Amino acid sequence: MVDIKQIRENPQLFKDGARAKKFDVNIDDLLAIDSTLLNVKKKLQDLTTEKNRLGKEIPRLAETEKQKALKILGELKTLEAELNDKIKELQPQFDALMLEVPQPPSPEVPFGEDDTQNVELRRWGAIRQFDFEYKDHIQLGTALNLIDVERGVKLAGTRNYFLKGDGALLHRAVLQFALDFMIQKGYTPMVVPLLMRDEAMRGTGYYPGAEEQTYRMERDELNLVGTAEVPLTAYHSGELLTEEMLPAKFVAMSSCFRREAGAAGKDTYGLYRIHQFDKVEQVIIGENDEAKSIAYHQEILANSEAVMQALNLPYRVVNVCTGDLGRGQVQKFDVETWMPSRKGFGETHSASRFYEFQARRMNLRYKTAGRQNLFCHTLNNTVIASPRVLIPILELYQNADGSVTIPQALRPYMNNREKIEAQ
RNA sequence: GGAGAGGUGGCCGAGCGGCUGAAGGCAACGGUUUGCUAAACCGUCGUACGGGUAAAAACCCGUACCCCGGGUUCGAAUCCCGGCCUCUCCGCCA
């Protein structure tokens, strides 16, 4: 959520921001409701002042005076009810609109329509040239008995899969490696609940908007998270932290669930777009300071790059353009990893910073040394998501004989083996 | 699932329908003392919104807020109803 005062002062900034991000929200309507609401509230306040004043006199008045005062109070009460009705009508409209207003993007963000207009910032690693006919991850996974999509679909429908044998081990290895890496960087490891109340979904900015993308336990009014970002970011929601607690750095490994509604027919092959996967996620809850936020953003991006470099996977970093930004994001860097079967880079990481956007929604604040209460800044990024990252690992580490070399960094997690071979 | 208890400020915890924005304690902040730290003592110390003076810091006035929403009342933290949440005991289960 953004600050209504800032909208009042500079509505154009928010109009432009919404348009660039391709969100449809009527700032003029919002401001009109805001000013009416403000006006009604002021009237109500004046009226209440008068009511309170009169009420306090009552016990001290003589009988006739008292009756007179009571009569006036009665009239004031009818007026008060009218004003209250007006507020009850407008306040929900105001609140709903406020949840819709996007955070304006940083000036660093390139203007663009969609992900094709994201701007590449840098590349790392050499893209492997094959001197034999390479297989894609499904072919490899089937031949080596690592992946079973057919039975996943039989039991759970499309976009489901089993990982099996070394496939299951490789999946665990890459996640554990990433988690250990982050712990060593000083991030606090967390095991988090995956069924979240609507409040947490709203607080992180997923609701309203991502309801269709979310599996929901209707009976219990709980939502299966699409990322550990939700529990980690909302962990301190509603709290007043002290400045010494910041920055709070968390890392969690969790399963993630996504309905992929609206993606029908897209990326239907393989393990790229699936309903359930596991992810190690990093979250920073920081001070209300843009320079610090930007530094943290670089930090979480560097963490993910370090993991990819340790795995020796070629990737590029893109500066995500305005049209591809979420409602709350100020700026987002995606890490895209080379995937031979896609003949291109596929998104494997997404590093976002939000400034106060999420913290405002969840009332996440801290007290400064100067004893001022400020909203925190929040950021998050993928550390590793699997099985998506198994795509480049399997495909890039494959050998002409059909075996797959285990990346050096993962060998300690795979009983120090060097290769995955057909049994 | 059955029975009961409870939700008050950063935290703990009192609270008679008007004198309570809320006792007391802890924490925090400022100061005195002290070679330093600690202790002791004195003082300050909720949030949001609106209005006023102001460049700002700050200050003043008002309103709201003691889980949420309704109600009773001239007046509600306090009484009534509904909801949400937490805890304890029993049962069941991992």
Side-chain angles (χ1 to χ4, degrees), chain A residues 1-10 30-99 101 191 193-203 207 216-223 231 234-246 248 285 287-288 356-357 359-376:
Chain A
M1 190 157 58
V2 299
D3 186 353
I4 183 65
K5 287 179 185 166
Q6 285 182 22
I7 304 182
R8 286 178 198 147
E9 278 166 23
N10 190 359
L30 174 65
L31 284 173
I33 292 174
D34 175 51
S35 86
T36 314
L37 204 48
L38 226 54
N39 192 264
V40 174
K41 280 181 176 169
K42 184 160 159 37
K43 276 188 189 152
L44 180 66
Q45 186 181 312
D46 291 344
L47 196 145
T48 315
T49 308
E50 178 60 12
K51 225 185 69 174
N52 288 347
R53 194 187 60 77
L54 262 177
K56 274 197 183 116
E57 282 180 5
I58 297 271
R60 298 188 272 107
L61 292 179
E63 195 51 33
T64 51
E65 292 293 308
K66 197 172 184 175
Q67 289 313 316
K68 236 159 112 186
L70 285 178
K71 198 168 162 229
I72 297 171
L73 274 167
E75 286 161 14
L76 290 181
K77 258 190 133 174
T78 355
L79 262 168
E80 186 185 29
E82 281 171 29
L83 293 174
N84 268 321
D85 286 348
K86 192 78 185 159
I87 289 172
K88 269 182 203 153
E89 181 199 334
L90 292 176
Q91 191 68 52
Q93 295 179 25
F94 176 80
D95 294 343
L97 274 171
M98 281 303 285
L99 286 178
V101 180
V191 172
L194 301 180
L195 285 165
M196 290 276 111
R197 295 210 168 114
D198 291 346
E199 235 182 343
M201 302 302 285
R202 218 176 296 121
Y207 287 1
R216 184 177 163 81
M217 308 292 130
E218 202 48 66
R219 266 195 298 188
D220 302 294
E221 298 184 313
L222 292 170
N223 308 280
Y235 182 66
H236 284 299
S237 64
E239 297 180 24
L240 184 63
L241 308 178
T242 56
E243 196 161 11
E244 307 87 71
M245 294 169 79
L246 305 178
I285 297 171
E287 302 88 333
N288 192 305
E356 302 178 353
F357 187 83
R360 271 184 183 278
R361 291 180 160 233
M362 56 176 87
N363 197 25
L364 165 58
R365 299 172 305 162
Y366 69 101
K367 198 179 273 296
T368 64
R371 315 185 74 192
Q372 204 185 357
N373 295 343
L374 297 176
F375 289 107
C376 299

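Every chain is numbered from 1 and lettered A, B, ... according to where its sequence line falls, protein lines coming before strand lines. Worth saying up front: this structure is predicted, and the values here are computed from it rather than measured.
- Across all strands shown, nothing is found opposite B/C93 as a Watson-Crick or G-U wobble partner with both distances under 3.5 Å.
- Around atom OH of A/Tyr235, no more than 12 heavy atoms belonging to other residues, nucleotides or ligands sit under 6.0 Å away.
- Dashed line: the shortest gap from a side-chain N or O of A/Lys77 to OP1 or OP2 of B/G75 is under 4.0 Å.
- Distance noted for atom P between B/C66 and B/C79: 14 Å (whole Å).
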Could you encode protein contacts along nucleotides 58-67 of chain B as a string, one character per nucleotide from 5' to 3', using B for base contact, S for sugar-phosphate-only contact and - for no contact, with a heavy-atom cut-off of under 4.0 Å?
----BSS---

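- Note: A/Leu195 CG to A/Asp220 CG = 8.0 Å, rounded to the nearest 0.5 Å.
- Atom NZ of A/Lys367 and atom C1' of B/U47 are 9 Å apart (whole Å).
- Nucleic acid contact class of A/Lys88 (heavy atoms, under 4.0 Å, all strands): sugar-phosphate only.
- Rounded to whole Å, the distance from CZ on A/Arg360 to C1' on B/C49 is 13 Å.
- Taking atom CZ of residue A/Phe375 and atom C1' of nucleotide B/U47, one finds them 11 Å apart after rounding to whole Å.
- Rounded to a whole angstrom, the distance from the P atom of B/U47 to that of B/C29 is 16 Å.
- Between B/C49, B/G10, B/U73, one nucleotide has an atom nearer to the side chain of A/Leu240 than all others, and that is B/G10.
- The distance from atom CG of A/Asp198 to atom P of B/C68 is 19 Å, rounded to the nearest whole Å.
- With both pairing distances under 3.5 Å, B/A3 is matched to B/U88 as a Watson-Crick or G-U wobble pair.
- Within the nucleic acid shown, A/Lys43 has no heavy atom closer than 4.0 Å to any nucleic acid atom.
- A donor atom on one side chain and an acceptor atom on the other are not found under 3.5 Å apart for A/Gln6 and A/Asn10.
- With both ends at atom C1', the span from B/C12 to B/A28 equals 15 Å, rounded to whole Å.
- Atom OG1 of A/Thr368 and atom CG of A/Leu246 lie 11.0 Å apart (nearest 0.5 Å).
- Rounded to whole Å, the C1' atom of B/G7 lies 14 Å from the corresponding atom of B/G83.
- Backbone-only contact: A/Arg8 has heavy atoms under 4.0 Å from sugar-phosphate atoms and none from a base.
- Taking each heavy atom of A/Asn288 and A/Tyr366 in turn, the nearest pair found is N-OH, 2.9 Å.
- Atom CG in A/Leu374 sits roughly 17 Å away from atom P in B/G46 (whole-Å rounding).
- The salt bridge (Lys or Arg N to Asp or Glu O under 4.0 Å) analysis of residues 237-246 of chain A, with sequence neighbours excluded, yields no pairs.
- Here the side chain of A/Arg202 pairs no donor or acceptor atom with the backbone of A/Arg361 at under 3.5 angstrom.
- Using a 4.0 Å heavy-atom cutoff across all strands shown, A/Lys42 reaches sugar-phosphate atoms only and no base atom.
- For the P atoms, the distance linking B/G18 with B/U78 amounts to 12 Å, nearest Å.
- For B/A55, there is no paired nucleotide, since no Watson-Crick or G-U wobble pair has both relevant distances below 3.5 Å.
- Nucleotide B/G50 forms a Watson-Crick or G-U wobble pair with B/C61, both donor-acceptor distances falling under 3.5 Å.
- The distance between atom CZ of A/Arg197 and atom P of B/C68, rounded to the nearest whole Å, is 16 Å.
- How far CG of A/Asn84 is from CG of A/Leu79: 11.0 Å, rounded to the nearest 0.5 Å.
- Summarising the geometry, the separation between CG on A/Leu241 and C1' on B/G46 is reported as 16 Å, rounded to the nearest angstrom.
- Comparing B/G62 with B/G15, their C1' atoms sit 26 Å apart, to the nearest whole Å.
- Counting only distance, with no hydrogens or angles, the side chain of A/Asn223 and the backbone of A/Arg216 share no donor-acceptor pair below 3.5 Å.
- With C1' as the reference atom, B/G35 and B/A22 are 44 Å apart, rounded to whole Å.
- One interatomic measurement links the two molecules: CG of A/Asp220 to P of B/C84, which rounds to 13 Å at whole-angstrom precision.
- Counting non-hydrogen atoms of other residues, nucleotides and ligands closer than 6.0 Å to CD of A/Glu199 gives a total of 12 or fewer.
- Pairing partner, B/C19: none, since no Watson-Crick or wobble contact has both distances short of 3.5 Å.
- Between A/Asn373 and A/Leu38, the residue anchored nearer the 5' end of RNA chain B, judged by the nucleotide with its closest heavy atom, is A/Asn373.
- Using Watson-Crick or G-U wobble geometry with both donor-acceptor distances under 3.5 Å, B/G69 finds its partner in B/C81.
- B/A28 is paired with B/U44 under the Watson-Crick or G-U wobble criterion, all donor-acceptor distances under 3.5 Å.
- Comparing atom distances between the A/Lys5 side chain and each of B/U73, B/U47, B/G50 picks out B/G50 as nearest.
- To the nearest whole angstrom, the two P atoms, one in B/C68 and one in B/U73, are 23 Å apart.
- Remark: B/U37 base-pairs with no nucleotide in the shown strands. Criterion, Watson-Crick or G-U wobble with two distances under 3.5 Å.
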